[in-house]
Enquirer: 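Have a look at this one.
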Amino acid sequence: MPGLVPALALLIAVAVPLWGWLGRGRDYGIWGIVILAVSLPGAVALHARLVEWLGPTAGLAVTWGTVYGLCAGGLHLAALVRARLRTPWFRWLVSIPGMAFVAAGFIAGPWLLVLWPVRALCTFFGWDDALAVLRWLDLAPLVVVALSVGTSLRAVSEVVRIPMGGDGPADPTRIRVERWRRREPAPLPDRPLRIVQITDPHLGPWQPVHRLHRRIADLVEQDPDLVLLTGDFLTMEGAGTPGALAEAFAPLRAVQERCFAVFGNHDHETPDEVRHALATNGVRLLVDEEVVVETAVGPVQIVGADYVGRGRREHLAALFARLPRRAGALRLLLLHDPSAWKHVPHGEADLTLSGHTHGGQLGLVSFGLHWTVLARTPWPDHGLFHHGPNRLYVHRGTGFYGFPLRIGVPGEASVLELVLAS
């Protein structure tokens, strides 16, 4: 069966985008072409490499595993033409292995290209021992994706203490915060403001209704003073299932007088569904609006900035001009995309809460380090940043959109404790 995998890959590369183009439109068809073009060549090349050095017996198992991955990936992408949340068996037998396979192919292509000149050099000089070692490196894409699936399925419970007050550096700078994982911190002399932030849950195959419902219920049980939702609640599948988000958000009813939300970029794709889910559970949506809430530590002014893709400086300037600071109140800004934080004038928000980046998705956070692939981009990736008197906290997100590429950056299920200056 030497030609089975390439032939099946070619069939999927043609049939799935065509089905998507006819069933959902040109944009989805083009998206399917791009996704398959960057993943299938690497998958086919990796299959060929593994069959070559594992031999016929083990190679047969690799071939059938690759065939299964190709079929699962193609069927998942084809099913998105009529996107909706599927049954558990479809998620576990089709969507999750299919998306993992596509992710492995995406990584395998460039990885094998990097190894190719090294392997060619070893072959030229007859370094057979080095070639034998290099063979094991062919497995790296599979190992990375297996680890990323484990990371993608969990969110780390944390207590994060954010010191408030005081001036900061002239340029936006990351500052350390206290993070307490799997244990409770020592009590503070003065009561902090306790906030649960929920951002980027992306209801879908990796975050089904029951899982998001349970995670929100666990956070609500922490009895926060405020629950603040900073956008991007759905995927294509979640958006295609009316009422699913409202069901997942049901635990928020118990604290509805403390719940406020803003739109993220994906929420503008299906605004009515998001509005319905929030309203059903008593969550107030702030679209360039404010609310003042009395809490156990005093009044808090919450300003909700709608997501805009362009003209963000002007958008925020107009928002602050229309909604000035309330005397004696802590001022919080909900801003989905943290790259717009640089446009917040000094003193206009004591703390901005953002998401959007999924924490960078690829990095070394799991090892206790701050570095991610977004470290040198315009996006503050995760954690706490200080700029003059302004602070920004970027939540790593409850979920992610699409393929399981949370590598070394787990999701976050945290309680933020704002330690107010005395």
Enquirer: Side-chain contact, heavy-atom cut-off 4.5 Å: V102 with I35?
Expert: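 A side-chain contact exists here, since the closest heavy-atom pair is under 4.5 Å.
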Enquirer: Name the residue from L319, D306, T352 that meets the side-chain contact (heavy atoms from CB on, under 4.5 Å) definition with L335.
Expert: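 Single side-chain contact (heavy atoms from CB on, under 4.5 Å) partner of L335 among L319, D306, T352: T352.
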Enquirer: Find out whether E412 and T199 are in side-chain contact, i.e. whether some heavy atom of one side chain is under 4.5 Å from a heavy atom of the other.
Expert: no
Enquirer: Would you sort out whether D225 and R194 count as a salt bridge (Lys or Arg N to Asp or Glu O under 4.0 Å), showing the intermediate values?
Expert: CA-CA 5 Å; D225 299 301; R194 291 168 53 83; 5.6 Å; no
Enquirer: Provide the closest heavy-atom pair for P338 versus G355 in the form atom of the first, atom of the second, distance.
Expert: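 For P338 and G355, the tightest heavy-atom pair comes out as CD-O, 3.3 Å.
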Enquirer: Go through it in stages, so that I can follow the logic: the residues are E348 and R331, the test is salt bridge (Lys or Arg N to Asp or Glu O under 4.0 Å), and I'd like the CA-CA distance, side-chain angles, deciding distance and then a yes or no.
Expert: CA-CA 8 Å; E348 284 291 357; R331 180 145 143 139; 3.0 Å; yes
Enquirer: Considering only heavy atoms from C-beta outward, does the side chain of T151 approach that of P410 to under 4.5 Å?
Expert: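 SC-SC contact between T151 and P410 confirmed.
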Enquirer: Could you check if a side-chain atom of L384 sits within less than 4.5 angstrom of a side-chain atom of L392, using non-hydrogen atoms only?
Expert: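 Counting from C-beta outward, L384 and L392 never come under 4.5 Å.
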Enquirer: Within the distance-only criterion (no hydrogens, no angle test), does the side chain of Y401 pair as donor or acceptor with the backbone N or O of M236 below 3.5 angstrom?
Expert: yes
Enquirer: Using only heavy-atom distances, determine whether the side chains of T372 and D381 contain a donor-acceptor pair under 3.5 Å.
Expert: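 T372 vs D381: donor-acceptor pair found between side chains.
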Enquirer: More than 12 heavy atoms of other residues, nucleotides or ligands under 6.0 Å from CZ of R154: is that the case?
Expert: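 Atom CZ in R154 is packed in, count exceeds 12.
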Enquirer: Surrounding CZ of R191 (heavy atoms of other residues, nucleotides or ligands, distance under 6.0 Å), is the total greater than 12?
Expert: yes
Enquirer: Going through the checks in order, is the ring-ring contact (aromatic ring centres under 6.0 Å, His included) test met by Y68 and F101?
Expert: CA-CA 9 Å; Y68 183 86; F101 180 84; 9.3 Å; no
Enquirer: Flag the pair H268 / Y307 as yes when at least one side-chain heavy-atom distance between them is below 4.5 Å, and no otherwise.
Expert: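 Touching, per the 4.5 Å side-chain cut-off.
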Enquirer: Are the aromatic rings of F249 and F233 close, with centres under 6.0 Å apart?
Expert: yes
Enquirer: Just wondering, do H356 and D232 contact through their side chains at under 4.5 Å, heavy atoms?
Expert: yes
Enquirer: Are any side-chain N or O atoms of E289 and backbone N or O atoms of L286, one a donor and one an acceptor, separated by less than 3.5 Å?
Expert: no
Enquirer: Once the angle between the rings of W206 and F400 is folded into 0 to 90°, is it parallel (under 30°), tilted (30 to 60°) or perpendicular (over 60°)?
Expert: tilted
Enquirer: For N390 and H346, which I'm curious about, is there any donor-acceptor pair between the side chains at under 3.5 Å?
Expert: no
Enquirer: Are F385 and T173 close enough, and set up right, to give a side-chain contact (heavy atoms from CB on, under 4.5 Å), and what steps lead you there?
Expert: CA-CA 5 Å; F385 297 81; T173 304; over 6 Å; no
Enquirer: Would W21 and Y28 count as a close aromatic pair, with their ring centres under 6.0 Å?
Expert: no
Enquirer: Within this structure, what is the CH2-CZ distance for the pair W116 and R119, rounded to the nearest 0.5 Å?
Expert: 10.5 Å
Enquirer: Walk me through whether R84 and R86 qualify under side-chain contact (heavy atoms from CB on, under 4.5 Å).
Expert: CA-CA 6 Å; R84 63 181 183 276; R86 306 283 175 169; 3.0 Å; yes
Enquirer: What distance separates L351 CG from I302 CD1, expressed to the nearest 0.5 Å?
Expert: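 Atom-to-atom, L351:CG and I302:CD1 are 11.0 Å apart.
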Enquirer: Could you tell me if W379 and D337 have a donor-acceptor pair between their side chains, going purely by distance under 3.5 Å?
Expert: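 Yes, W379 and D337 have a side-chain donor paired with an acceptor closer than 3.5 Å.
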Enquirer: So which heavy atom on A100 is nearest to which on P404, and how close?
Expert: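 What the structure gives for the nearest pair is CA-CG, 3.9 Å.
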Enquirer: Side-chain donor-acceptor pair under 3.5 Å between R215 and Q207, yes or no?
Expert: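 Judged by distance alone, the side chains do pair up.
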Enquirer: Would a distance-only check, ignoring hydrogens and angles, find a side-chain to backbone donor-acceptor pair under 3.5 Å from R406 to V149?
Expert: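 Not confirmed, R406 side chain does not pair with V149 backbone.
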Enquirer: For E237 and R91, what are the C-alpha separation, side-chain angles and deciding distance, and is it a side-chain contact (heavy atoms from CB on, under 4.5 Å)?
Expert: CA-CA 11 Å; E237 295 94 330; R91 285 194 303 109; over 6 Å; no
Enquirer: I want to check something: taking the side chain as every heavy atom from C-beta on, are I195 and P224 in contact at a cut-off of under 4.5 Å?
Expert: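 No; the side chains remain at least 4.5 Å from each other.
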Enquirer: How far apart are the closest heavy atoms of V160 and E158, and which atoms are they?
Expert: CG2-OE1, 3.8 Å
Enquirer: Go through the steps to decide whether V293 and L226 satisfy the test side-chain contact (heavy atoms from CB on, under 4.5 Å), and finish with yes or no.
Expert: CA-CA 9 Å; V293 185; L226 297 169; 4.1 Å; yes
Enquirer: Main chain of A61, side chain of T63: is a donor-acceptor contact present, judged purely on distance under 3.5 Å?
Expert: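 The answer is no, because no donor-acceptor pair under 3.5 Å joins these two groups.
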Enquirer: What residue among H336, Q197, H395 forms side-chain hydrogen bond (donor to acceptor under 3.5 Å, both in side chains) with T230?
Expert: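 The passing option is Q197.
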Enquirer: Could you tell me whether the side chains of H382 and H358 share a donor-acceptor contact shorter than 3.5 Å?
Expert: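 Short answer, no.
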Enquirer: Flag yes if more than 12 heavy atoms outside R310 fall under 6.0 Å of its CZ atom; otherwise flag no.
Expert: no
Enquirer: Do V67 and L8 touch side chain to side chain, with heavy atoms closer than 4.5 Å?
Expert: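 The answer is yes; the side chains approach within 4.5 Å.
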Enquirer: So does A239 get a backbone contact from the side chain of T270, meaning a donor-acceptor N/O pair under 3.5 Å?
Expert: no
Enquirer: If you round to the nearest 0.5 Å, how far is CZ of F90 from OG of S95?
Expert: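 Going from OG on S95 over to CZ on F90, the span is 4.5 Å.
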Enquirer: Which distance, rounded to the nearest 0.5 Å, do you find between the SG of C259 and the CG of L285?
Expert: 12.5 Å
Enquirer: As an exercise, state the distance from CG of L70 to CG of L10, rounded to the nearest 0.5 Å.
Expert: 11.5 Å
Enquirer: Judged by atom type as modelled, is there a donor-acceptor pair below 3.5 Å linking the side chain of R24 to the main-chain atoms of A83?
Expert: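 Such a contact is absent between R24 side chain and A83 backbone.
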Enquirer: Please find the pair of heavy atoms, one from T235 and one from H202, that lie closest to each other, and give the distance.
Expert: CG2-O, 3.5 Å
Enquirer: Quick check: does any side chain N or O of R391 sit under 3.5 Å from a backbone N or O of A349, one acting as donor and the other as acceptor?
Expert: no
Enquirer: Can you tell me if CH2 on W53 sees more than 12 non-hydrogen neighbours from other groups inside 6.0 Å?
Expert: yes
Enquirer: Hey, does the side chain of D350 reach the backbone of L332 with a donor-acceptor pair shorter than 3.5 angstrom?
Expert: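 Answer holds: no.
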Enquirer: Could you tell me whether the side chains of H266 and D200 share a donor-acceptor contact shorter than 3.5 Å?
Expert: no
Enquirer: Roughly how far apart are L334 CG and L353 CG, rounded to 0.5 Å?
Expert: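 The distance works out to 6.0 Å.
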Enquirer: Hey, are R135 and E52 close enough for a salt bridge, meaning a charged N less than 4.0 Å from a carboxylate O?
Expert: no
Enquirer: Considering all heavy atoms of both residues, which atom of R161 and which atom of A186 are nearest to each other, and what is their separation?
Expert: NH2-O, 2.6 Å
Enquirer: Without swapping roles, check the side chain of R284 against the backbone of L278 for a donor-acceptor pair under 3.5 Å.
Expert: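 Answer holds: no.
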Enquirer: On a heavy-atom basis, which atom in L416 and which in S414 lie closest, and how many Å separate them?
Expert: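 Answer, listing the atom of L416 first, then S414: CD2-OG, 3.8 Å.
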Enquirer: I'd like to know if the side chain of T357 and the backbone of G359 have a donor-acceptor N/O pair within less than 3.5 Å.
Expert: yes
